[in-house]
Amino acid sequence: MRRSRMLTKTIMALLALSVTFGSAGAAEVKVLSAAALRPVLSELSAEFERSTGHKLAIVYDTAGAVKDRILRGDTADVAITTTPQVEELVKLGKLVSDGRIVVSKVGIGLAVRSGAAKPDISSVEAFKRSMLAAKSILYADPARGGAAGIHFAQVLDRLGIAADMRPKTKLIQTLNVTELVAKGEADIGVTQISLIVGQPGIELAGALPAELQHYTVFSASVVAGAKEPEAAKALIKFLSGPASAPVIKARGMEPG
């Protein structure tokens with residue numbers, strides 16, 4: 001009887017130790033990410049958490065705002081933003097150079113409400129005609145630092161139609177371009193393709209013509225002074241691994 005009680009106590013002690021060490025190995029990884037990665041990270045988060053025991057706390061913003069947050073010292077373990085911004089932040093000592101990796105790249109597309117007629121954007125001239133014929137269009141205010149908004153404003157200038165488009169253009173301060181199109185607040189929304197594919201109430205009308213297209217490349221890096229550097233590295237490795245590639249492709253992006 002005494003031997004049985006001692007064995008039971010030993011087993012319980014070992015179980016308690018295993019729980020303690022398991023909890024100690026788990027971490028909350030704080031991530032600052034460009035909004036274009038939201039659909040990908042939303043789908044991959046559960047698998048990462050299941051396979052590692054870590055938890056993710058993700059804040060999304062425009063790429064420019066992510067850079068600003070890192071510069072002012074916002075708490076984070078991982079930053080995911082455009083590759084040029086990552087390189088700049090590494091030079092400034094805000095991100096760690098070791099282990100940084102390209103996660104994906106994505107082009108810019110046009111969104112319309114589900115079932116609505118899609119504009120002809122099969123060529124530069126067709127795109128120009130469709131933009132001039134559109135009743136309303138919206139995209140993120142370039143001043144917010146979003147890559148798609150900045151590039152699209154440049155496209156309109158390049159085509160010489162920026163002034164013509166201004167009266168029917170709505171610049172938004174939020175990240176919900178596709179939600180507003182789905183609600184009927186504009187006929188066309190312009191944003192990164194990853195934020196259009198698979199979203200409810202809208203359809204991808206198509207990508208910008210090749211001559212006007214711009215691909216944004218996103219990289220991930222550990223933040224200097226990260227509280228959970230090892231867990232941060234595990235996330236970056238996971239995002240560049242084979243399990244992530246099909247999800248990245250399915251969301252209209254290309255794996256790094």
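Any value given below was found using the heavy atoms of this structure, including those in side chains, with hydrogens, waters and symmetry copies removed.
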side-chain hydrogen bond (donor to acceptor under 3.5 Å, both in side chains) contacts touching residues 77-86 (sequence neighbours left out): Thr81-Gln85, Thr82-Gln85, Thr83-Ser219
Contact summary for Leu41 and Leu239, nearest pair of heavy atoms: CD2-CD2, 3.7 Å
Ser194 vs Val40 side-chain heavy atoms within contact, under 4.5 Å: no
Lys/Arg N to Asp/Glu carboxylate O, Glu47 vs Arg50, below 4.0 Å: yes
Heavy-atom closest pair, residues Pro209 and Ser123: CG-O, 3.6 Å
Any side-chain heavy-atom pair of Arg100 and Ile236 under 4.5 Å: no
Flag side-chain contact, heavy atom, 4.5 Å: Leu212 against Arg158: yes
Nearest heavy atoms of Val29 and Ala232, plus distance in Å: CG1-CA, 4.2 Å
Trace of the side chain to side chain contact (heavy atoms under 4.5 Å, CB included) decision for Asp61 with Leu32: CA-CA 8 Å; Asp61 214 323; Leu32 284 174; over 6 Å; no
Heavy-atom closest pair, residues Leu110 and Pro119: CD2-CG, 4.3 Å
Audit row: Ile188, Met131, side chain to side chain contact (heavy atoms under 4.5 Å, CB included) steps and yes/no: CA-CA 9 Å; Ile188 298 172; Met131 292 301 97; 4.0 Å; yes
Val59 side chain near Asp74 side chain, heavy-atom distance below 4.5 Å: no
Greater than 12 external heavy atoms within 6.0 Å of Phe238's CZ: yes
Distance-minimising heavy-atom pair for Gly115 and Glu203: N-OE2, 3.0 Å
Heavy-atom side-chain proximity of Leu159 to Val124 below 4.5 angstrom: yes
Steps toward side chain to side chain contact (heavy atoms under 4.5 Å, CB included) verdict (Lys67, Glu88): CA-CA 9 Å; Lys67 174 187 170 182; Glu88 180 182 350; 3.0 Å; yes
Ile202, Val181, Ile108 screened by side-chain contact (heavy atoms from CB on, under 4.5 Å) with Ile196, the one that passes: Ile202
SB check Lys233 Glu230 (cutoff 4.0 Å): yes
Close side-chain approach of Lys128 to Ile161, heavy-atom, < 4.5 Å: yes
Parallel, tilted or perpendicular, as decided by the 30° and 60° cut-offs, for the rings of Phe48 and His54: tilted
For the student: nearest non-hydrogen atoms of Lys135 and Lys168, plus distance: O-CB, 3.2 Å
Heavy-atom check, side chain of His151 versus side chain of Thr216, under 4.5 Å: no
Check: Tyr139 and Leu156 side chains under 4.5 Å, non-hydrogen atoms: yes
